[in-house]
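Chain identifiers are assigned alphabetically (A, B, ...) following the order of the sequence lines, protein sequences preceding nucleic acid strands; residue numbering begins at 1 within each chain. All values below come from the heavy atoms of this structure, side chains included, with hydrogens, waters and symmetry mates left out.
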2 protein chains.
Amino acid sequence: MNRDKRQKRTTIYDLAELAGTSASAVSAVLNGNWKKRRIGSQLAERITKLAEEQGYAVNMQASLLRREKSKLIGMIVPKYDNRYFGSIVETFETMARERGLFPIITCTRRDPELEMEAAREMLSYQVEWIVSTGATDPDRVTDLCAAAGVRSLNLDLPGSKAPSVISDNFAGSRELTRRVLVNYERKLGRKSPLLFIGGRGSDHNTSERIRGFVAAHLEMGIDVDGHHILACGYAPEKAEHALEALRTEEGGVPMGMFVNSTISLEGVMRWITRSGHTGPMAPTLGCFDWDPFVALLCDDIEMVRQDVPAMLASVFEIIEAGSTTGSLVQIPPVFVTSC
Amino acid sequence: MNRDKRQKRTTIYDLAELAGTSASAVSAVLNGNWKKRRIGSQLAERITKLAEEQGYAVNMQASLLRREKSKLIGMIVPKYDNRYFGSIVETFETMARERGLFPIITCTRRDPELEMEAAREMLSYQVEWIVSTGATDPDRVTDLCAAAGVRSLNLDLPGSKAPSVISDNFAGSRELTRRVLVNYERKLGRKSPLLFIGGRGSDHNTSERIRGFVAAHLEMGIDVDGHHILACGYAPEKAEHALEALRTEEGGVPMGMFVNSTISLEGVMRWITRSGHTGPMAPTLGCFDWDPFVALLCDDIEMVRQDVPAMLASVFEIIEAGSTTGSLVQIPPVFVTSC
DNA sequence: CGAGTCTGCTCAATCGATGGAGCAACAATT
DNA sequence: AATTGTTGCTCCATCGATTGAGCAGACTCG
């Protein structure tokens with residue numbers, strides 16, 4: 001009877017026996033609908049006390065099996081190595097919990113197969129929603145979910161088959177580019193185009209940001225060099241190598257840059273340091289993303305911070321409304337006036 | 001029969017009917033032990049094909065309810081806002097998956113109540129292990145787990161009642177302090193003690209690091225000013241305020257500092273920028289933790305990187321060995337030679 | 001030819017929580 | 001006294017997967 005090392009967990013049947021009552025009474029009391037099920041308040045109190053004493057915890061597996069709703073919500077996220085995704089995850093967890101949902105989060109390291117595998121696993125756990133964040137192929141996840149009758153939603157990168165919440169990449173990028181162009185002109189003493197670096201040309205965000213980048217140049221009467229748009233991928237090394245490759249070419253590397261994420265910025269900074277472009281040689285920068293140390297330590301940089309709280313507020317609005325259309329919500333990012 | 005919007009998910013019974021066989025045959029085939037249960041390979045193949053066609057996914061709730069082992073492993077983590085915890089989570093997920101475990105991670109934002117709440121929830125989901133990372137009160141979590149017959153383990157901050165894996169804070173801190181003292185002496189032209197800032201005086205890591213800090217001073221024949229040991233908490237603002245308060249005091253702020261985490265470093269950097277201690281006025285720094293941008297952008301700083309892969313290797317070794325003693329494993333951190 | 005073995009499958013109990021249906025016991029009403 | 005209503009519970013089927021036990025039929029061998 002007494003709790004041993006390898007004991008079985010306390011169940012409602014154990015409590016029922018201890019309380020000299022039935023399992024259904026115990027169940028009713030512990031999940032709060034004992035009033036509806038007309039259990040006397042004295043018995044209720046006795047059961048509650050016993051449960052506490054015995055350290056009882058529901059077996060969610062059993063409970064969820066029986067119930068119709070699981071209250072589980074899944075999120076797929078590419079990486080935990082930057083502030084943007086970190087705050088997405090943290091905010092998501094908090095907001096899910098506030099709504100009585102249990103968040104399950106999985107990091108897929110930008111691996112398309114792992115994304116699908118993780119989604120499949122979440123479906124096994126009977127999640128009610130899957131939020132695909134920055135997924136390489138959101139529509140595949142949506143299809144998988146749809147086949148299982150589970151709702152899904154895209155965050156950060158849009159898909160065509162489920163509602164998507166993303167930053168307003170075009171407007172954000174145009175404004176960021178404008179600001180960097182102004183800084184660059186002030187520094188050089190003349191107008192000159194920027195280099196665009198980072199991201200994948202095939203993803204919506206990158207192409208929208210390129211569109212904004214080009215628009216801002218146009219508006220300021222500056223020609224863009226197509227050859228200076230390097231959507232070389234997200235990994236730091238890719239940005240570093242791309243710059244290094246450019247250096248040996250004719251014209252070299254422009255000393256004004258639009259960097260497409262903090263991850264790419266890491267590579268850019270590495271290149272800057274290694275190639276000795278520091279101090280007065282330092283390039284004029286803009287970064288579509290935010291990092292506190294960069295904001296503090298780098299003086300010639302403009303950063304846009306994606307509005308994570310607003311994005312997730314929108315995500316949960318959609319979830320609460322239960323919408324499934326392929327709508328696209330674009331959240332304006334915030335310009336950080338570096339301290 | 002056809003899949004509707006609000007359909008029920010496909011079960012082994014559906015598949016059994018479609019295949020004209022029994023549910024137990026389907027179950028045996030799909031969970032791989034059909035050889036043991038002597039199911040013919042033709043039937044097995046037919047079932048497998050059907051399952052694929054129907055997009056079948058096990059109901060984990062049902063499966064786990066029946067099985068003895070859940071293969072779930074929980075991790076509690078304080079924040080996602082720095083590289084250290086980010087890489088802990090990412091590595092943990094990967095390693096858990098490699099071992100056939102399903103990781104459930106929850107961020108508790110350094111809130112002791114949320115920690116307990118999260119642990120309780122994980123117990124409801126029948127996790128087999130809980131890893132408390134940087135928990136404010138690891139022993140409380142251990143007690144809760146023990147009452148439910150669940151193993152637990154502490155990471156980053158040790159507890160007395162469960163095995164703990166942490167960095168070798170004393171040795172790491174002593175070496176870091178030594179390096180910073182050398183840099184500081186080189187800069188000042190004379191020996192001078194450092195300021196210690198960040199962390200909680202009550203936590204093991206902070207007190208061990210202070211011990212290492214003091215030891216390094218002693219070894220170099222430098223007196224430590226007890227008044228310059230500011231374990232003011234982890235939040236950036238706390239560090240910033242502590243420095244600001246010190247500035248108005250007699251002696252002011254020493255221009256050599258040991259910062260106890262990147263989070264505190266954020267506050268320190270803010271103070272440095274706001275109070276104008278930049279350029280040649282910039283302090284000589286050391287930080288017990290690592291961040292790529294700081295490493296790249298700050299030139300007078302030494303950083304230690306906690307060895308996350310080694311720490312998690314040790315965690316999973318303990319899990320695989322099934323040990324429950326309150327042993328303490330200390331992993332030497334790595335010194336980063338800034339690029 | 002009968003006993004024993006092996007193959008390929010099915011039956012039914014089980015895990016723990018839930019909730020519809022129903023049953024005593026008693027009070028209130030006609 | 002008979003009917004109706006209410007209160008406070010209990011019984012039992014159910015969710016979907018798993019697994020020990022068992023049952024035909026085919027095959028083997030003395």
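Taking atom CD on Q61(B) and atom C1' on dA17(C), their separation rounds to 12 Å, with Å as the unit. With rounding to whole Å, R67(B) atom CZ is found 23 Å from dA13(C) atom P. The CG atom of L64(B) sits 13 Å away from the P atom of dG16(C) (whole-angstrom rounding). Taking atom CH2 of residue W34(B) and atom P of nucleotide dC9(C), one finds them 10 Å apart after rounding to whole Å. Computed from coordinates, the K36(B) NZ to dG20(D) P distance equals 11 Å when rounded to whole Å. Atom CG in N59(A) sits roughly 7 Å away from atom P in dG16(C) (whole-Å rounding). Remark: C1' of dA17(C) and CE of M60(A) are 11 Å apart, rounded to the nearest angstrom. Counting to the nearest Å, the P atom of dT10(D) and the CD1 atom of I12(A) are 12 Å from each other.
Side-chain nitrogen and oxygen atoms of T11(A) include none within less than 4.0 Å of the OP1 or OP2 phosphate oxygen of dG16(C). Between N31(A) and the phosphate of dA17(C), there is no side-chain N or O to OP1/OP2 separation shorter than 4.0 Å. An OP1 or OP2 oxygen of dT10(C) is reached within less than 4.0 angstrom by no side-chain nitrogen or oxygen of Y13(B). Neither OP1 nor OP2 of dG16(D) sits under 4.0 Å from any side-chain N or O of Y125(A). Of the side-chain N and O atoms in S22(B), none sit less than 4.0 angstrom from OP1 or OP2 of dC11(C).
A donor-acceptor contact under 3.5 angstrom links the side-chain atoms of S24(A) to the base of dC11(D).
Cation-pi check for R200(B) over Y234(B) is not met; the charged atom does not lie both under 6.0 angstrom from the ring centroid and within 45 degrees of its normal.
The side-chain contact (heavy atoms from CB on, under 4.5 Å) with P158(B) is formed by just one residue from the set N205(B), D139(B), V165(B); it is N205(B).
Taking the charged nitrogens against the carboxylate oxygens, R83(A) and E90(A) have no contact shorter than 4.0 Å, which rules out a salt bridge. Between E128(A) and R151(A) there is no salt bridge, since none of the side-chain N atoms of the basic residue sits less than 4.0 Å from a carboxylate O of the acidic one. Between E115(B) and R120(B) no salt bridge is recorded (no basic side-chain N to carboxylate O distance below 4.0 Å). Using a 4.0 Å cut-off between a side-chain N of Lys or Arg and a carboxylate O of Asp or Glu, E320(B) and R99(B) qualify as a salt bridge.
Heavy atoms of S63(A) sit under 4.0 angstrom from primed sugar atoms or phosphate atoms, though from no base atom.
Between Y80(A) and F85(B), the distance from one ring center to the other does not fall under 6.0 angstrom.
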Polar-atom pairs under 3.5 Å, protein N or O versus N or O of nucleotides 4-8 of chain D: list them with distances, or write none.
unit_1 : atom_1 : unit_2 : atom_2 : d
dG8(D) : N7     : R38(A) : NE     : 3.1
dG8(D) : N7     : R38(A) : NH2    : 3.4
dG8(D) : O6     : R38(A) : NH2    : 2.8

